[in-house]
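Here the structure is a predicted model, which means the values were calculated and not measured. Quick note on labels: first sequence line is chain A, next is B, and so on, each numbered from 1.
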There are 2 protein chains.
Amino acid sequence: MSSTTKALSLLTHFSASQPEIGLSQLCRMAGRDKATTYRHLQALETAGFVEQNPATKHYRLGPALMQLAQLREATVPRKDGAKPVLSALADATGETAHVTVLSGQTLYGLCACEAPHNSIRAVIDINTFPLHATASGLCAVAFGPQDLFDVAVASLSGFTAATPTTQTDLAALVSSIRDTGFGRANQTYEAEIQSLSAPVFDHSGHLAGAVAVASVATRFTPDLEQLIKSELVTAARNITRNWGGTIPPGIEAAWARSLTHSNALERTS
Amino acid sequence: MSSTTKALSLLTHFSASQPEIGLSQLCRMAGRDKATTYRHLQALETAGFVEQNPATKHYRLGPALMQLAQLREATVPRKDGAKPVLSALADATGETAHVTVLSGQTLYGLCACEAPHNSIRAVIDINTFPLHATASGLCAVAFGPQDLFDVAVASLSGFTAATPTTQTDLAALVSSIRDTGFGRANQTYEAEIQSLSAPVFDHSGHLAGAVAVASVATRFTPDLEQLIKSELVTAARNITRNWGGTIPPGIEAAWARSLTHSNALERTS
DNA sequence: AACGTCGGTTCATTATGTGAACCAGATAGC
DNA sequence: GCTATCTGGTTCACATAATGAACCGACGTT
């Protein structure tokens, strides 16, 4: 581990709950020597990555980060931040993956990626996703702004026999999605297509959209579901990260629960 | 110079005009060995500060910056407090406005705003502002901590024919700025760019940064100067208030003097 | 095929990072 | 007016980790 890596890892200890950290405290957190930590902080300070609160001598993140982030945003817009993650997801699952973004009360498709090695595969060619009938849409309703539920209720068009068309049906779906952390849609929009999704978040901590995998229903075994879910988690984390956000702890906990739960089921079966 | 500092200084070479840089090119820019630069980039990459464009193998700023910048702004909300004021300033003056923040002995650009209605306008694409050659920098030297003067003297690089390069030149500029309450730089950093600035203060009563307007020199009439100065005063007051500070009485007095003085001059002319 | 790039790698040399011990200043208990 | 224990910051002998010339294979031109 290079000394630069060690120095930069100090930055990970800053958080919303602890935005300013004293030298001794940071030593303890990082498990490193005080002199070393001090020199690392000095290097970070000369680069503008941290600064000292002149009153308390505690360290906090510095102003250089603002410009660099601005430049990063200009260099790599959202679509570019999702694309590579998406193709990795499609590759790992062997199914079609796509990303949606929530803008106002509408969920737009941003980018889709088809896995090459299945001859029969889901094709995503809708540009606005119905909230009540797609895995991404349900994810948005479950983890997005509250008014989205009413918007979804306002247009409960039935696409297939499985489409939820009553407010109670929808509420039941949403609540189970809140429990598991995964959106789910079993042939509710198109017959033979079963989808799973996970929410992604932006810098403000609000839902920014969803990442989803659409599979052909006949192929959708418990094993595949398990694989897709675990891949969705890393994809959601990566896209969220690329967009400058963080996954809320509640979502991470729900994922952890449903993944270990599925594992347990899988083992007993 | 620590190796961490060297590694971090690589990041300063990224700019809006050159957001992606190849290894060899970055070596030349940084004036360092290729192997060294490569290792530095690797360290930065593991920390998420840079990433490689998979297509070109060129390096660009990484996603970790987004999160850290978000946290920085949550800790020290500067951009939110400056942005609306800045756009009002740019709008009122018709010129490019920007805000800088002082951290330690370095003046960082925080945010810039270009007025839409002039086709020729100044573009701010620097991340650390030279103390001796910019209106903001001189403002910092004049109203910031005393040691800043020595720091400025220590690096009196000449950018244009008008750049002050001796300690006495600098002292004269600083003293006139202390009299008027406005930083001023007439083509001292870039030819054809003339700037005016005003200091901004934080809750502790110390200088926190500067707000400035950069104009094209050929457009810079006494009338425009008068307008910019009076708009700068309200902008500096507003940003200072948003940052939880107050303008020291001495500065307010200097502003009052130079505004009425300019008015008087204008009237007699 | 010869040449110039490019991104990336190797290895002997040595500069640089390391941490126990130390210092000065605050704060607290008595 | 003590000692005790924090804090941020500094010193110095020592060993680890940074360094850069030379090298590699790949790609593109000439």
First and last nucleotide of DNA chain D in contact with chain B, 5' to 3', at under 4.0 Å to a heavy atom: what are they?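 Listing 5' to 3', DNA chain D meets chain B from D/dA18 to D/dA21.
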Please list, in numerical order, the residues of residues 14-26 of chain A that have a heavy atom closer than 4.0 Å to any atom of DNA chain D.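 Contacting residues: A/Gly22, A/Leu23, A/Ser24.
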Has B/Ser103 got a side-chain atom pairing as donor or acceptor with B/Thr106's backbone, closer than 3.5 angstrom?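 Such a contact is absent between B/Ser103 side chain and B/Thr106 backbone.
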Taking the side chain from A/Glu114 and the backbone from A/Glu95, do they hold a donor-acceptor pair closer than 3.5 Å?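 No, the answer is negative, given that no donor and acceptor are paired below the 3.5 Å cut-off.
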Where along nucleotides 16-22 of chain C does protein come under 4.0 Å, by heavy atom, of base (B) or sugar-phosphate alone (S), with - for untouched nucleotides? -SBBB--
Suppose we screen for side-chain contact (heavy atoms from CB on, under 4.5 Å). Which residues come up paired with [X], at least two apart in sequence or across chains?
X	result
B/Pro19	A/Thr75
A/Thr240	A/Val200, A/Phe201, A/Ile247
A/Thr56	A/Glu20, A/Asn53, A/His58

Less than 4.5 Å apart, side chain to side chain, heavy atoms only: is that true for B/Leu156 and B/Thr166?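 With C-beta onward as the side chain, the pair stays apart.
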Members of residues 41-63 of chain A that approach DNA chain C, where some heavy atom sits under 4.0 Å away: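 Hits under 4.0 Å, by residue number: none.
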According to ring pair (Phe, Tyr, Trp, His ring centres under 6.0 Å), does anything in residues 14-40 of chain A pair up with another residue at least two apart or in another chain? List the pairs.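 Found none.
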Extract all donor-acceptor atom pairs below 3.5 Å that involve side chains of residues 136-151 of chain B and protein atoms in other chains or at least two apart in sequence.
| unit_1 | atom_1 | unit_2 | atom_2 | d |
| --- | --- | --- | --- | --- |
| B/Asp147 | OD2 | B/Gln105 | NE2 | 3.3 |

Need the bend value for the helix from C/dA1-D/dT30 to C/dC30-D/dG1: angle between end axes, 5 pairs each end, nearest 10°.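 It comes to 40° between the two terminal axes.
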List for me each residue that meets ring pair (Phe, Tyr, Trp, His ring centres under 6.0 Å) alongside B/His98, sequence neighbours excluded, and say none if there are none.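 So B/His98 forms a ring pair (Phe, Tyr, Trp, His ring centres under 6.0 Å) with B/Phe129.
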Just to verify, what does A/Phe49 make a ring pair (Phe, Tyr, Trp, His ring centres under 6.0 Å) with, not counting sequence neighbours?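 By the ring pair (Phe, Tyr, Trp, His ring centres under 6.0 Å) rule, A/Phe49 matches B/Phe49.
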Regarding B/Ser155 and B/Ser157, is there a side-chain donor-to-acceptor distance under 3.5 Å anywhere?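 Note: B/Ser155 and B/Ser157 side chains miss the donor-acceptor criterion.
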